[in-house]
Colleague: 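What follows is a single structure, and I will ask about it in a moment.
Below, read A as the first sequence line, B as the second, and so on, with proteins coming before strands; counting in each chain starts at 1. Keep in mind that the numbers below use all heavy atoms, side chains included, and drop hydrogens, waters and symmetry copies.
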Amino acid sequence: MSFLDYFRGKKTNTNTANVAKERLQIIVAHERGHRKQPDYLPALQQELLAVIRKYVDISDDMVQVEIDRTDTCSVLELNVTLPEK
Amino acid sequence: MARIIVVTSGKGGVGKTTTSASISTGIAKRGHKTVVIDFDVGLRNLDLIMNCERRVVYDFVNVIQGEASLSQALIRDKRVDTLFILPASQTREKEALTKEGVEKVINELSQTFDYIICDSPAGIEHGAQMALYFADEAIVVTNPEVSSVRDSDRILGILQSKSRRAEKGQDPVKEHLLVTRYNPARVERGEMLSVADVEEILAIPLLGIIPESQVVLNASNQGLPVILETETDAGQAYDDAVARLLGEEREHRFMTAHKKGFFSRMFKGG
């Protein structure tokens with residue numbers, strides 16, 4: 001910082017630390033969500049996809065399988081998007 | 001029963017070996033019989049940081065494979081006589097560290113030592129997993145920087161799922177956050193994540209803050225654990241961390257920048 005900057009004060013401050021914190025909070029939360037999922041989930045997703053495909057033509061990303069855990073129970077959440085006719 | 005503590009981080013270059021050297025030296029200096037094990041097979045460096053590289057005859061893998069006894073492989077530190085170093089092998093593959101082999105060595109060490117410090121290699125592969133598998137506690141070394149924080153979170157996930165304690169359903173591995181290379185001046189300018197930010201994201205208790213310091217390189221140049229540089233900021237910060245690890249309450253220091261006076265700002269610049 002130069003002589004004049006001292007009197008101007010630190011106004012050129014772009015707070016990159018805040019950007020870093022926000023980005024980290026999002027990615028860490030996302031990765032923690034994946035970590036808690038059981039190992040069989042990807043295989044389950046593939047098999048469900050195969051079953052549904054017997055009846056409806058859907059792409060890989062149209063079936064979402066997730067497990068939500070609370071203290072007392074776990075919920076298997078299955079989200080299938082059917083194509084428009 | 002020894003207290004088994006892994007020093008880990010996921011990311012490389014954040015200060016695991018520096019931390020292992022200083023923490024083990026600090027614990028031993030307080031009279032506890034301590035051994036520090038280098039798990040970085042193929043990339044041994046703890047010996048250099050602790051200035052015993054020319055005294056290595058046998059290593060960890062030799063002991064596991066029955067080619068040497070533990071007493072032949074252990075190197076007694078020349079400065080602190082309750083401290084021993086078990087060096088990593090420089091030539092073998094990481095797979096030479098079998099779970100059974102590591103367990104045998106750790107069990108044998110547990111009978112005579114109070115503290116076993118495991119210096120983990122970087123990454124989340126076999127070597128890192130072996131280093132943390134038997135741990136009761138973990139010191140997670142993190143730089144206030146995005147990739148290091150993310151990798152620390154990854155390694156916390158592995159501690160919570162793949163350690164022996166996790167697999168056996170015992171109490172979880174006790175986690176400690178050690179923030180290293182901390183630059184309070186940059187934090188104040190909004191250029192670096194603060195300790196509070198890192199604590200909030202990782203959500204584990206803070207063991208200590210090691211300020212970024214020239215002293216660390218100077219110490220490692222000479223093979224001196226920086227904790228022995230008792231007049232320096234980094235040395236004192238490690239000493240605080242050791243005291244807290246051993247149950248002492250100490251206030252956190254080195255969180256704020258040293259304020260420059262008006263004249264030094266005017267004439268030397270910020």
Colleague: Under a plain distance cut-off of 3.5 Å, with no hydrogens placed, do B:Arg164 and B:Tyr133 share a side-chain donor-acceptor pair?
Modeller: no
Colleague: Is a donor from one side chain sitting under 3.5 angstrom from an acceptor on the other, for B:Thr17 and B:Asn45?
Modeller: no
Colleague: Do you know which of A:Gln25, A:Glu31, A:Arg23 has the most heavy-atom pairs under 4.5 Å to chain B?
Modeller: A:Glu31
Colleague: Under 3.5 Å, is there a donor-acceptor pair between the B:Asn143 and B:Ser148 side chains?
Modeller: no
Colleague: Based on non-hydrogen pairs under 4.5 Å, which of B:Arg150, B:Gln160, B:Arg154 is most in contact with chain A?
Modeller: B:Arg150
Colleague: Under a plain distance cut-off of 3.5 Å, with no hydrogens placed, do B:Tyr182 and B:Ser194 share a side-chain donor-acceptor pair?
Modeller: no
Colleague: Among B:Leu202, B:Asp197, B:Val198, which residue forms the greatest number of heavy-atom pairs with chain A at distances under 4.5 Å?
Modeller: B:Asp197
Colleague: Report the option among B:Val149, B:Ile201, B:Val187 that has the most heavy-atom pairs separated by less than 4.5 Å from atoms of chain A.
Modeller: B:Ile201
